[in-house]
Each structure stands twice: as structure tokens, then as C-alpha cells.
Amino acid sequence: MIRTRFAPSPTGYLHIGGVRTALFNWLFARKHGGKFLLRIDDTDAQRNVNEALAPILHGFRWLGLDWDEGPEVGGPFGPYYQSQRMDVYRSAAEKLLAAGFAYRDFATTEEIQAEREAAEREKRQFTYSRRWMAETEADCKRFESEGRAAVVRLKMPREGTLAIDDLIRSRVDFDWAREQDHVIQRADGTCLYHLASVVDDHDFQISHVIRAEEHLSNTPRQVFIAQGLGYPLPQYAHLPYVAEPGSRNKLSKRKLDKYLKNPDFAKLNEHGQKIAAAIGLAASAETFNPVIVDFYEQVGYLSDAVINYLLLLGWSLDDKTEDFTREEMIAAFSLDRVNKAPASFDPAKLASFQERAMQRMPAKQKVAFVLPYLQRAGIVSSPPPCDIGPKLLALVEAAGDRVKIGGDILEYADFIAPADALDYDDKAVQKRIVKPPEAVELLTKFREHLAKVEPFDAATLDRALHAFVESEGIAIGQIVHATRVAVTGKGVGFGLFETLALLGRERCLGRIDQTLRKVRAS
RNA sequence: GGCCCCGUCGUCUAGCGGUUAGGACACCGGCCUUUCACGCCGGCAGCACGGGUUCGAUUCCCGUCGGGGUCACCA
């Protein structure tokens with residue numbers, strides 16, 4: 001039975017790199033009919049775990065990465081919170097102690113630090129002297145009488161090598177002598193990550209530990225723990241990490257300022273911030289930025305696009321396939337096609353997956369997708385008025401591919417809740433109405449035609465305008481642009497006939513009049 | 001700095017001894033068109049370097065260089 005896990009620590013947000021790791025775990029489990037579980041690494045948690053975990057679980061649900069065991073869903077090996085398994089780790093530490101694979105250490109932090117600094121000064125590798133190691137009851141008594149408290153350290157081998165068979169990197173060798181006697185249990189009795197992780201992976205029967213490369217150098221000590229405890233080793237697969245846009249550094253939330261200097265990243269962020277502001281989202285950079293998955297959900301990315309993009313960050317099927325449904329990616333996924341080199345996160349490529357995903361979405365579905373943005377921006381009431389359906393459908397159809405992410409609909413809110421005063425693009429007004437000598441006259445004439453067009457729909461308007469062009473003996477461009485600017489204030493937008501129909505006769509006439517007055521006055 | 005990992009267009013990648021080094025995103029042209037967007041066509045652009053091995057190296061080996069990860073009583 002294949003069993004994989006993703007082990008987030010409750011930090012309050014879901015990191016994009018973490019999702020990629022989780023995705024590969026999920027895919028591997030699904031592909032082999034195994035189980036994917038979520039384990040909460042909260043050994044160090046000072047905060048409210050549930051509160052910090054909620055956004056993470058929410059992110060998983062949004063992405064469609066369902067877990068078979070873990071928080072909220074439970075499972076046969078629960079609880080899946082490390083903070084609730086401290087006694088298990090403690091007895092593992094006892095076992096290690098009894099077997100001589102660990103020892104109680106009474107050194108103070110300062111003493112260890114002094115040894116470390118001495119080694120550094122002498123330019124040699126730091127290896128703990130084990131001077132305060134207590135292996136007998138008498139030793140313990142003696143140290144305790146000095147007022148010292150003990151932590152538990154691993155008694156690492158000081159010679160020999162360890163070969164790790166990694167599913168992605170194949171064989172990796174380590175010298176035991178380079179390893180430190182890591183602390184696995186604090187003086188207060190709480191246990192640390194490495195011990196907890198190994199014990200959990202064993203107890204939860206994890207068959208494949210698929211995690212980011214930064215854990216590769218932790219693996220020897222984990223192997224040591226596992227072997228000391230008599231556990232069979234899981235298969236390891238160390239994934240390349242997700243790198244910063246345009247660089248090879250590991251993507252990190254803390255370096256946001258730096259990423260913002262990348263034009264594509266900055267553009268994505270700015271776009272998102274604008275939408276967030278419009279829908280009244282309290283968006284501090286801490287909780288809302290393109291490194292955090294929630295950002296994409298909030299601004300209207302499709303989870304399929306995000307997943308598809310992430311899939312290809314470090315994995316590929318062949319030389320051409322890029323679009324995968326969930327079923328296809330599950331069927332196609334394999335660890336041996338995972339790349340070794342880090343892959344940098346490219347917002348522009350993500351955007352192209354998003355565009356394609358939006359293009360595949362039927363208009364009716366798009367209406368439902370886009371509606372909440374209008375509601376949150378206060379443009380459409382909740383519950384929505386009953387005639388909103390057809391109106392929105394017409395808008396979505398007219399907008400076509402211009403709505404690339406959900407929040408983009410707000411750009412066109414004017415068609416749903418028209419503003420009283422037009423926001424004019426003065427350059428467009430100059431170019432299309434003021435400058436062409438005949439524009440005002442033509443616009444005035446065409447306005448009278450518009451007043452009579454019946455019905456006021458796109459097809460009829462199309463015919464009416466062409467008839468007008470013919471009777472006036474003008475080029476179509478002479479009236480189309482002027483009209484668009486007159487009714488929208490802008491030089492660019494939807495097809496003219498859709499625009500007119502969307503606005504309705506009264507509004508079109510009113511706006512043309514308004515524009516004409518403005519132009520004549522100046 | 002020690003240890004470990006990695007190195008094909010700007011970016012994501014295909015390639016597993018013989019290819020005009022392929023695709024995608026981005027970018028640049030053009031077409032379509034009432035603008036924008038879409039779409040279509042075309043273009044630019046890469047094997048880090050040096051030694052081997054071999055009839056032949058992007059591909060295998062070694063070295064150099066470069067990039068990165070990691071060195072906690074964090075996870």
C-alpha cells in the first residue's frame with residue numbers, strides 16, 4: 001500500500017512551493033491507489049493551531065487536493081497532530097536512550113556555543129565533545145546536583161558512511177562524522193521535529209517520503225533514528241524546490257520585496273491588490289501576496305490552472321503535453337520524471353494556463369464564477385436581483401476572453417451598474433471625436449438613427465450602422481470609434497454593437513449627448 | 001567555510017552517443033479585425049567551460065566555474 005503525506009506546520013498560510021510538494025504526494029498516492037494524508041507538524045506551536053491551520057486546509061480544499069487521513073477527516077492512526085502525540089515521541093526517545101542511540105546531555109546552551117565557536121576559530125568542524133553526556137545514573141545525579149537539566153541527544157556514529165537511495169537523486173552518500181548529535185528532546189520533555197517526523201512516518205505507515213530538497217541533508221539523522229528504533233526505512237524522494245521568479249533561490253515569503261522587483265511578479269501582485277481593494281479585502285502583504293495560495297483564489301484564478309501550472313514545475317510527461325485534467329495527471333504522473341534542478345516560479349506562464357482554463361469555461365459557469373466579485377464590490381446585491389442572470393450572461397459573452405481572472409469582471413462593472421458621469425480617456429476623445437473634422441456631425445446624425453433602431457440588439461444595431469455608413473458614404477472607422485468613445489469614454493472595449501446593446505438605448509443616447517456637450521464646450 | 005544537490009533558449013522543459021537540438025510561456029514582426037482581447041502565421045533565442053572516453057559527444061567520466069540547499073533546544 002502506497003501511503004504519502006504532506007506535513008504542514010500551522011503558519012496561517014499555504015505557500016505555493018508547499019502546494020507543489022503536496023501535489024506530487026497527492027498524485028503519487030492517487031496514481032497507485034494509495035492514501036494521501038495530512039499531518040500537522042505543530043511540535044513548536046505557540047499559537048492557536050486551529051486558527052493557523054484553517055487557511056491551509058481551506059487552500060487544500062480549494063485546490064481539490066483531498067486527504068484520506070488527517071485533521072477533520074480523522075483516520076485509523078490519529079490523532080494527526082504532533083502536539084497530541086508527545087507521549088509517543090517520549091517513549092521513542094526512551095527506547096533510543098535504552099539502546100544507546102541517544103544520551104542525556106547536561107551541557108548548557110552557552111557551553112555548546114563555546115565549543116562551537118572554538119571549533120570555528122580553529123577552522124575545524126564542530127563536533128560536540130560529549131563532555132556533559134551522562135550515560136549512567138551516577139552521571140545524571142552528579143550533573144543534576146550542579147543544577148543542570150538534561151536534553152536528549154542523538155549519539156551519532158563518528159565514522160563510516162551512509163548511502164541513501166533517493167527515488168529522484170538516486171544514490172547520495174554522507175559521512176557519519178559530519179553529522180551532529182542533534183537534540184531530539186528538550187529539557188522540558190517536549191520532542192523535536194526529527195524524532196517526531198520519523199516516529200510519525202513509521203506509525204502512519206508512510207511508504208514514500210516525498211518532500212523538498214532542503215530536507216535531503218536532514219535525512220541521515222532521520223535514518224539513524226529510524227534504524228535505532230528498528231523501523232524499516234521509507235522510500236525517499238527529494239524534490240527540487242520552487243525557486244524565485246527569475247532566480248535560483250528558494251521561493252520564500254519573507255523576500256517579497258525582492259520579488260516585487262520582477263516585472264511579471266509585480267504585475268501579478270498589483271493586479272491582485274487592485275481587485276482586493278475593490279472587493280474590500282483587508283489585504284496585508286503578510287497574508288495576501290502571490291507566494292500564498294489564497295491570493296489566487298481571492299482574485300479569481302481557477303484551481304485547475306494553478307494545479308496544472310504547478311504540475312509542470314519540476315515534472316513533465318514528454319516534449320509537448322501541457323494541459324492535463326486531474327484524471328490525466330494522475331494517470332501520467334511518475335516520480336522518475338521529476339526533474340532534479342530547481343524550477344523558478346513564472347507568473348506569466350501561470351497566467352497563460354489560467355487564460356486557457358477560462359477559455360474552456362462555459363459562459364453560464366463563468367457568470368456564476370464572476371458574480372461574487374460583483375457582489376463583494378457592492379455592484380450587485382446579495383441575493384442578486386432575479387434579472388441578473390441574462391444581463392450577466394450578455395456581459396460575460398461580450399467580454400469574452402478579456403476576463404482572464406474572476407476579478408477582472410470588475411473592469412466592466414459599468415455595464416451592470418452604470419455610473420452617472422463617464423470617466424473619459426481624454427486622448428481617445430481627442431483622437432476619435434475632436435480631431436476628425438466630421439466626427440461631431442456624424443455622431444449627431446448617428447444618434448438620431450440610434451433613437452429609432454428597433455429592437456435595440458447587437459444584430460440590428462450592426463445592420464443599422466452599416467446602412468448608415470452606406471448612406472453617408474463614409475468608411476466604417478469614421479463612426480465606430482467615435483461612437484465607442486462617446487458611449488464608454490474609452491477608445492478600447494468590447495465590440496461596438498455588444499457595447500451599445502449592453503448599455504441600452506436610453507443610456508447610449510444620454511451618453512452621446514453628454515459627450516457631444518463636453519466636446520462642444522471645449 | 002564544511003557537507004550535499006544542481007547546471008539545455010530570459011523562464012518551464014524534451015532529449016537518455018549520431019537530431020537542421022523539439023515544444024510551451026514571454027518577447028518581436030505580420031495577418032485577421034470597428035478598437036482591445038482572442039485566434040492564426042512567422043521570427044529571435046540554448047547545450048557554462050576545459051580535459052578525457054569514443055569513429056562520433058548536449059548525452060558517459062573527471063576537473064573547473066557558476067548557482068543553490070543545509071549546517072538550531074525551527075519545521
Side-chain angles (χ1 to χ4, degrees), chain A residues 7-11 41-45 82 105 107-109 112-113 116 119-120 123-126 149 151-153 164 166 168-169 172-175 177-180 182-188 190-194 196-197 211-220 238 240-241 243 245-250 263-264 309 312-323 337 339-353 355 359 399-404 428 431-432 462 465 469 475-485 488 490-497 499:
Chain A
S9 50
T11 53
D41 282 14
D42 56 349
T43 51
D44 195 39
Q82 292 194 325
D105 181 54
T108 62
T109 315
I112 294 283
Q113 190 53 32
R116 190 172 279 134
E120 212 163 296
K123 296 203 192 305
R124 60 176 166 80
Q125 186 205 297
F126 165 65
V151 299
V152 177
R153 283 184 188 277
I164 292 167
D166 189 278
I168 292 167
R169 277 151 224 286
V172 184
D173 293 304
F174 293 91
D175 283 337
R178 304 277 171 199
E179 296 296 316
Q180 300 298 328
H182 280 95
V183 174
I184 54 173
Q185 185 173 22
R186 298 183 180 96
D188 68 3
T190 58
C191 292
L192 266 10
Y193 166 75
H194 292 294
S197 186
R211 57 182 13 171
E213 183 199 331
E214 66 224 55
H215 287 287
L216 185 56
S217 53
N218 299 153
T219 308
H238 287 92
Y241 53 86
S247 118
R248 290 256 110 102
N249 293 37
K250 192 174 78 172
D264 290 332
Y309 171 67
L312 265 13
L313 216 48
W315 180 88
S316 68
L317 175 63
D318 54 30
D319 59 341
K320 45 181 72 72
T321 317
E322 289 225 317
D323 289 327
R337 290 201 60 86
N339 255 29
K340 287 191 180 108
S344 55
F345 176 71
D346 180 2
K349 184 129 186 175
L350 203 209
S352 87
F353 278 94
E355 279 180 44
Q359 285 171 355
D401 296 332
R402 294 171 187 83
V403 176
K404 297 182 195 303
K431 181 176 174 194
R432 299 304 193 182
D462 191 337
L465 182 129
V469 164
I476 192 164
Q478 288 176 275
I479 187 63
V480 164
H481 302 298
T483 308
R484 178 182 291 105
V485 173
T488 66
K490 307 280 190 301
V492 299
F494 304 162
L496 180 62
F497 311 118
T499 301

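What you see is a predicted model; the values in this text were computed from it and never measured. Chain A is the first sequence line, chain B the second, and so forth, proteins listed ahead of strands; every chain is numbered from 1.
For A/E214 and B/rC6, the CD to P distance is 16 Å, given to the nearest whole Å. Atoms CZ (A/F126) and P (B/rG1) sit 21 Å apart, rounded to a whole Å. The CD atom of A/Q125 sits 18 Å away from the P atom of B/rU70 (whole-angstrom rounding). We find that CZ of A/R169 is positioned 13 Å from C1' of B/rG7, with the value rounded to whole Å. To the nearest angstrom, P of B/rC12 lies 13 Å from CZ of A/F353. A straight line from CG of A/L317 to P of B/rU13 spans 14 Å, rounded to a whole angstrom. Between the CD atom of A/Q180 and the C1' atom of B/rC4 there is a distance of 15 Å, given to the nearest Å.
Side-chain atoms of A/S9 lie closest to B/rA75 of the nucleotides B/rA75, B/rA14, B/rC73. Comparing B/rC25, B/rA75, B/rC4 by their nearest atom to the side chain of A/S352 picks out B/rC25. For A/S217, the side-chain atoms get nearest to B/rU70 when compared with the rest of B/rC3, B/rC5, B/rU70. Taking every side-chain heavy atom of A/K349 into account, B/rG23 is the closest of B/rA72, B/rA75, B/rG23. Checking B/rU34, B/rC12, B/rC38 against every side-chain atom of A/L496, the shortest atom distance belongs to B/rU34. Checked against B/rC5, B/rC25, B/rC38, the side chain of A/Q359 finds its nearest nucleotide in B/rC38. If you check B/rU13, B/rA72, B/rU34 against the side chain of A/R116, the one that comes closest is B/rA72. Here the nucleotide nearest the side chain of A/N249, chosen from B/rC5, B/rU13, B/rG69, is B/rG69. The side chain of A/L313 has B/rC12 as its nearest neighbour among B/rC12, B/rA37, B/rA75.
A close approach under 4.0 Å does occur between a side-chain nitrogen or oxygen of A/R337 and OP1 or OP2 of B/rG15. Contact annotation: A/K250 side-chain N/O to B/rU70 OP1/OP2 distance is under 4.0 Å. Taking side-chain N and O atoms only, A/R186 has a distance below 4.0 Å to OP1 or OP2 of B/rC74. Of the side-chain N and O atoms in A/N218, none sit less than 4.0 angstrom from OP1 or OP2 of B/rG69. Between A/T43 and B/rA75, a side-chain N or O to OP1/OP2 separation shorter than 4.0 Å is present. For B/rU11, neither phosphate oxygen OP1 nor OP2 lies less than 4.0 angstrom from any side-chain nitrogen or oxygen of A/S344. Taking side-chain N and O atoms only, A/R248 has a distance below 4.0 Å to OP1 or OP2 of B/rC12.
Of the residues near RNA chain B, A/D401 and A/A348, the one whose nearest nucleotide (by heavy atom distance) lies more toward the 5' end is A/A348. Checking A/F497 against A/T109, the closest nucleotide of RNA chain B that is more toward the 5' end is the one next to A/F497.
Residue contacts shown for A/G246 are absent, as no nucleic acid heavy atom lies under 4.0 Å away. Across all strands shown, A/K404 has heavy atoms under 4.0 Å from sugar-phosphate atoms exclusively, and none from any base.
In the interface, the side chain of A/D264 is not paired with the base of B/rA26 through any donor and acceptor atom under 3.5 Å apart. Side-chain atoms of A/R484 come within donor-acceptor range of the base of B/rU34, with a qualifying N/O pair under 3.5 Å. Between the side chain of A/R402 and the base of B/rC36, at least one donor-acceptor pair of N or O atoms lies under 3.5 Å. No donor-acceptor contact under 3.5 Å links the side chain of A/K320 to the base of B/rA24.
Classification of the A/H215-A/Y193 ring pair by plane angle, with boundaries at 30° and 60°, yields tilted.
A heavy-atom distance below 4.5 Å is not found between the side chains of A/S217 and A/H238.
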